[in-house]
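First the structure, in the form of structure tokens, and then the observations on it.
What's counted below: heavy atoms across the whole structure, side chains too, no hydrogens, waters or symmetry copies. None of these values were measured; they are calculated from a predicted model.
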Amino acid sequence: MPKELNVIRSKRKEPTPPLPPENIENKYCGEHLNYDTKETIRERIPCPYDLSHKCNSRPKPNPPYFTLNINCTLPIPQNEERFSLSELNNESLKKLIANVNNWYDQFAQEIKTLILDHEAETRQMARLNLLQEEKCFIEFGSGKGELSYFTKLAVKDHEGKSNFILIDRKITRCKFDSAIRDATEKKSIVKRIEIDIKDLDLSKLDIIKNKKIVAFSKHLCGSATDITLKSLVNYSKSDMEKKPIDGIIIALCCHQLCQYHMYPYHEFLQEIGITKADFKGICAMSSWAICGQRPDKCKEDNNENKDDGDSKEKNKNLIKNDDEEEHFYHDSMEFTEEDNTRLHYSGLDYHTREALGYKCKRILDFGRYKYLKENGFETELIYYVEPETSLENLALIAIPIKTN
């Protein structure tokens, strides 16, 4: 066996293949011929469709409901630089913080609290009378499809009249698909759609024709929520008379992953004076709400463990470089809340940063709220679980405005 092939196989921890016949001069197998430098070998490049090149990969044809970037508000920028709050000078950071406080005080509305149990989303559907047969339930960012399964149980559709569409950018595990079909005696139609939501044109999806739809999701990170709202509004506008959407319920999260060109309501940003640079700063600062040191938790740990002689080891706190979702842990030192404030580039204590982070989230959420309201929906923002259950505990809920 050629040494080079043995090295490649050993790095992958794969079993060594049988020795090639003696009359073959190539030192490499077909998969690795691009490593051969002999002039007699034609130039080879990695497969553009499948880098492992272990199958006969070809790009899939686009389905009828595919329209490139239809749900993006602006063209997608090329090679956009990553934004970091820690790179702002002190004056710029203070100005951004002052603007966040001002925007929040002027434009963000008071949010209702309607605490429910672990089946919060399905209970919200029941409250709005959305759990009815003959509707089409669309779960965006569906993953395994577990939420759709519990929605099916809540609908109590024994005749199989409801349709369930599960949309995700990449389908990996379809654990609940068969459970959704077989949850009742007569099977419902369950369709998996593998597509990036930014390219999804719901008006060209045949399965939802002549059906009232209920759209929902429990985990649409950042801009995934924005392009979902855009796709739903675009579909609603395609048939304003019939009002094809009966309800929208989306649990909001991960605002640090929002992107300017995908945010659905730029009119709102322009109205209150948020520039593209401000938007990036707001998104990055929103991570302060859910990341960083938890001094109260550390005090609890100290109280619980003060008699076991191990409290110092268990009180090694987190210091966060608040650039979006990146976390850095320092296990060699013990930090107090005063240290946490002094070492943070903003100079702000944890509780102040947390409050600012939530204000940033609510500013972005209020823009989404206004976007749906301006496009024919009665909209509300509701805290649906206690923060002890989830720090991301806000839901955006919308139903079409009733007309006489």
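Side-chain contact check for V190 versus I165: every heavy-atom pair is 4.5 Å or farther apart. Side chains of F66 and L200 form no contact here, defined as non-hydrogen atoms less than 4.5 Å apart. Side-chain contact between I213 and L232: present, with at least one pair of heavy atoms (C-beta onward) separated by less than 4.5 Å. Side-chain contact between I138 and V214 is absent, with no heavy-atom pair separated by less than 4.5 Å. Annotation: side chain of H255 is not in contact with side chain of C283 (no heavy-atom distance under 4.5 Å). Inter-residue side-chain proximity for Q106 and I272 is flagged as unmet; no heavy-atom pair is nearer than 4.5 Å. Put simply, the side chain of Y369 does not reach to within 4.5 Å of the side chain of D365, judged on heavy atoms. The closest side-chain heavy-atom distance from I249 to M125 is below 4.5 Å.
Separation of the Y260 and Y263 ring centroids does not fall under the 6.0 Å cut-off. Separation of the H344 and W288 ring centroids falls under the 6.0 Å cut-off.
One distance of note links CG of N210 with SG of C136; it measures 11.5 Å at 0.5 Å rounding. The distance from atom NZ of K209 to atom CG of D239, rounded to the nearest 0.5 Å, is 10.0 Å. With rounding to the nearest 0.5 angstrom, the CD1 atom of I274 is 7.0 Å from the CG atom of L364. Taken from CG in L372 to CD1 in I250, the straight-line distance is 8.0 Å, to the nearest 0.5 Å. Put simply, CE on M262 and CG on L229 are 13.0 Å apart, with the number rounded to the nearest 0.5 Å. Atom-to-atom distance recorded for Y371:OH and L396:CG is 12.0 Å, nearest 0.5 angstrom.
A donor-acceptor pair is defined here as one N or O able to donate and one able to accept, closer than 3.5 Å; no such pair exists between the side chain of D196 and the backbone of D199. When atom types are taken as modelled, the side chain of T228 and the backbone of A224 share a donor-acceptor pair closer than 3.5 angstrom. Side chain of D157 to main chain of K161: a donor-acceptor pair is present (N/O by atom type, distance under 3.5 Å, no hydrogens or angles). Using modelled atom types, one side-chain atom of K212 and one backbone atom of K243 make a donor-acceptor pair closer than 3.5 Å. Between the side chain of R353 and the backbone N or O of L348, at least one donor-acceptor pair lies under 3.5 Å. S236 places no side-chain N or O within donor-acceptor distance of the main-chain N or O of V233, the cut-off being under 3.5 Å. Remark: the backbone N or O of I97 is paired with a side-chain donor or acceptor of N101 at under 3.5 angstrom. Between the side chain of T225 and the backbone N or O of L220 there is at least one donor-acceptor pair closer than 3.5 Å. Listed for the S287 side chain is a donor-acceptor partner under 3.5 Å among the backbone atoms of A284. Using modelled atom types, one side-chain atom of D168 and one backbone atom of G143 make a donor-acceptor pair closer than 3.5 Å.
Aromatic ring orientation, F164 versus F137: parallel (interplanar angle below 30°, classes split at 30° and 60°).
Between K370 and E271 there is a salt bridge, with a side-chain nitrogen of the basic residue lying less than 4.0 Å from a carboxylate oxygen of the acidic one. Salt-bridge check for E80 with K276: passed, with a basic side-chain N closer than 4.0 Å to an acidic carboxylate O. Comment: E392 engages K361 in a salt bridge, judged by a side-chain N to carboxylate O separation of less than 4.0 angstrom. Remark: R82 does not engage E87 in a salt bridge, criterion side-chain N to carboxylate O under 4.0 Å. Ion pairing between K218 and E139 fails under the 4.0 Å rule for side-chain N and carboxylate O.
A donor atom on one side chain and an acceptor atom on the other are not found under 3.5 Å apart for S231 and N234. Between the side chains of D278 and T275, at least one donor N or O lies within less than 3.5 Å of an accepting N or O. Defined by atom type and a distance below 3.5 Å, a donor-acceptor pair is present between the side-chain atoms of N69 and K198. In this structure, a donor-acceptor pair under 3.5 Å is absent between the side chains of K191 and N163. Side-chain atoms of S223 and D226 include no donor-acceptor pair closer than 3.5 Å. Checking T379 against R368 by side-chain atom types alone, no donor-acceptor pair falls below 3.5 Å.
Looking at every heavy atom in both residues, I180 comes nearest to K152 through O-CE, 3.4 Å. The nearest pair of heavy atoms linking F366 to F107 is CE2-O, 2.7 Å. The nearest pair of heavy atoms linking F216 to S148 is CZ-OG, 3.7 Å. Taking all atoms of both residues into account, the shortest heavy-atom contact from E81 to K280 is O-NZ, 4.2 Å.
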